[in-house]
Amino acid sequence: MNLDKKYDESQSLLSVNDLKTWFPVKRGFFSRQQDYIRAVDGVSLELFSGETLGLVGESGCGKTTLGRTLLGLEPVTSGEIYFKNFLLNHAGRKQMNRLRQEMQVIFQDPLSSLNPRMSVMDIVTEGLVQFKRIEGSKEDHARRLIKEVGLSGDAIYRYPHEFSGGQRQRINIARAISLRPEFIICDEAVSALDVSIQAQVINLLISLQEQHQLSYLFISHDLSVVSNIADRVAVMYLGQIFEKGKTADIIHAPLHPYTRALIAAVPVPGKERQDKFAEVKGEAPSTATPPVGCRFHPRCPEAMPVCRETPPPLRRFEDREVRCHLY
Amino acid sequence: MTIDQNIHRQPLLSVKNLSVTFTIDDGRFTAAEDICMDIGRGESVGLVGESGCGKSVTALSLTRLVPSPPGSIESGSVVFDGSEIMTMDTAELRKIRGNAISMIFQEPLSALSPLHRIGRQLVEAVLLHRQISKKKAWRFAEQWLKKVGIPDAEERMYSYPYQLSGGMQQRVMIAMALMLEPALIIADEPTTALDVTTQAQIFELLQRMKKNFTSLLLITHDMGVIWETCERVIVMYASRIVETGSREEIFEHPAHPYTIGLLEAIPRLSKGRQRLKDIPGQVPSPFNYPPGCHFQERCPYAFDRCRREAPPLYDCGGGQKAACFLLDKAKQ
């Protein structure tokens with residue numbers, strides 16, 4: 001489907017400019033004052049064709065909301081989302097429905113994202129039926145899809161509860177790729193799986209990406225998992241991107257104190273910790289009342305007076321971006 | 001040799017041939033089979049395995065907390081500090097639970113009562129096991145909240161669990177587990193629901209608190225966490241123990257093909273997109289474990305004997321043992 005003839009491969013597939021997703025919360029019953037949960041607060045990023053961008057952050061940092069906003073599942077408060085040069089925020093329902101064929105999502109919990117009353121065949125072909133894109137018989141098409149994700153063809157007659165967690169996630173993947181999308185958001189897609197199964201699913205995602213030139217936004221709290229699948233990584237904290245760059249740079253030469261803390265906190269089997277537990281203190285504050293200045297300063301081991309007053313801008317160094325007064 | 005020394009030579013907890021089954025609508029299955037383990041005084045033991053391998057059931061059986069029905073402890077003995085837990089009456093068990101053996105669970109929010117303030121819940125636990133006044137118990141609990149690093153402990157005593165963050169809730173659970181100075185702490189995935197930075201803080205706390213010769217049984221699926229916290233490791237797969245050894249033995253020269261595969265499958269911090277080594281196939285359902293070794297269907301080295309007999313734990317030197325016929329020297 002050609003949405004805009006101006007789009008070509010060298011341009012970014014997805015481009016996000018200063019995106020904000022705020023949720024209004026009422027203060028008191030009679031209060032007129034409006035408060036907002038600033039779940040996503042000024043995020044800019046881009047994603048190229050065939051690339052995986054890892055989005056890492058702790059719970060409540062807004063990474064899931066960002067993903068949902070990109071898919072049009074949450075209303076945009078301000079900012080722009082371009083998909084293939086097409087401005088998504090003002091897309092109408094009809095346009096959005098067409099676009100959704102090219103943007104798919106895989107969620108964390110493989111069971112709750114599958115309808116228990118639908119057979120696997122109906123699940124993986126639902127989108128195809130909707131958009132009248134079945135090739136051959138529905139059964140054959142379903143069988144081809146399910147084999148592509150490494151399940152046996154007979155699985156299409158069974159129901160979600162008959163499968164294990166890893167197999168269910170494969171069914172979710174089959175559904176996500178059924179419409180041959182270009183962009184898939186994986187929201188903690190392997191987080192609920194056991195280690196041995198997690199590795200299988202990660203490998204499957206990589207293979208599918210190479211075959212179909214897919215672009216992934218891979219959202220996860222687990223930096224080790226992300227580093228094994230992402231070409232570039234963005235680190236998110238309280239609604240903002242704190243650091244972004246190539247995976248190797250982020251892992252081996254993290255700049256932001258928060259990224260450094262995240263990496264130091266990952267327990268690595270077989271390796272003694274360099275600085276044992278010398279990480280950040282406390283927990284992330286609420287996004288309804290983010291700290292003034294740098295949002296990380298109350299927990300930051302390197303906070304300076306300026307951090308308490310002025311929020312640092314996102315500075316760019318070649319292919320690296322970092323939001324910190326140290327740089 | 002005096003009697004006192006003798007006691008210290010014995011393990012604090014000794015489990016022998018413990019088997020637990022569950023009977024549900026679909027039939028009966030074995031959740032834990034023939035489990036044997038010892039935990040020494042002051043020792044930290046990690047029990048690692050994938051979901052459904054029986055690690056939590058094993059942990060619950062140690063204080064006979066397996067819900068019955070559907071669960072049933074079929075056989076085995078659990079000797080804690082010289083007394084047999086399996087034959088104790090309820091009154092004796094209550095004296096041990098939460099006092100000499102305390103537990104920390106994965107979900108602090110479901111382990112705490114949502115209807116009562118933190119302070120009241122802590123005080124209740126103190127008063128159950130200590131003959132002190134309510135006022136003293138309150139002060140005591142408050143001090144423990146401080147010790148586990150909860151800011152404004154005086155005020156927090158009046159908070160309801162939902163008013164605290166996940167990390168703070170888990171700290172309350174830890175305070176509750178530690179305040180009666182148990183001999184053994186059983187922690188079942190204590191940090192799985194928490195962020196990595198919070199997880200690091202919790203483990204630092206546990207390690208600091210462990211100084212007074214407390215033993216720890218840590219149940220987790222996370223090999224990284226085991227590496228950081230435990231001296232000895234027990235690996236379970238599909239209801240059985242497949243390997244046990246010291247931390248170094250298990251991580252540096254694992255002997256069982258499952259342990260080897262598991263260690264290789266762990267995603268480590270890497271430079272970018274790369275395929276991981278995986279273990280093919282999936283964990284069998286407890287209703288149809290394969291005959292012989294439970295891992296045989298996924299094992300790259302499986303041979304005839306693995307399909308017929310269940311391998312016992314073979315000695316691999318040192319304290320390391322693995323349930324694999326590849327280690328059966330008599331046959332080779």
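All of these numbers come straight from a predicted model, not from anything done at the bench. We name chains A, B, ... by the order of the sequence lines, and we start the count at 1 in each one.
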Any A:E210 side-chain heavy atom under 4.5 Å of B:R273 side chain: yes
Which of A:K246, A:Q209, A:H221, A:R232 touches chain B most, by non-hydrogen pairs under 4.5 Å: A:Q209
Side-chain heavy atoms of B:E189 within contact of B:K55, under 4.5 Å: yes
A:R320/A:E243 ion pair, N-O < 4.0 Å: yes
Heavy-atom closest pair, residues A:S196 and B:D278: O-CB, 4.0 Å
Portion of A:I206 that has a non-hydrogen atom of chain B nearer than 4.5 angstrom: both
More than 12 heavy atoms of other groups within 6.0 Å of B:Y301 OH: no
From CA spacing to verdict: side chain to side chain donor-acceptor pair (under 3.5 Å), B:R298, B:Y237: CA-CA 12 Å; B:R298 303 175 77 188; B:Y237 181 78; 3.2 Å; yes
Top of B:M223, B:H221, B:R268, B:R247 for chain A proximity - count of heavy-atom pairs under 4.5 angstrom: B:R268
Heavy atoms of other groups near A:E318 CD, more than 12 under 6.0 Å: no
Inter-chain contacts: residues 43-52 of chain B against chain A, heavy atoms under 4.5 Å: B:E50, B:S51
Among A:L193, A:N228, A:T52, residue most engaged with chain B (heavy-atom pairs, under 4.5 Å): A:N228
Side chain / backbone / both / neither for A:I202 at chain B, heavy atoms under 4.5 Å: side chain
Residue pair A:L13 / A:E182, side-chain heavy-atom distance below 4.5 Å: yes
Leading residue by heavy atom contact count with chain A [cutoff under 4.5 Å; candidates B:I266, B:V196, B:I226, B:D222]: B:V196
Leading residue by heavy atom contact count with chain A [cutoff under 4.5 Å; candidates B:S270, B:P267, B:G224, B:S165]: B:S270
Which residues share a side-chain contact (heavy atoms from CB on, under 4.5 Å) with B:K277, sequence neighbours left out: B:E264
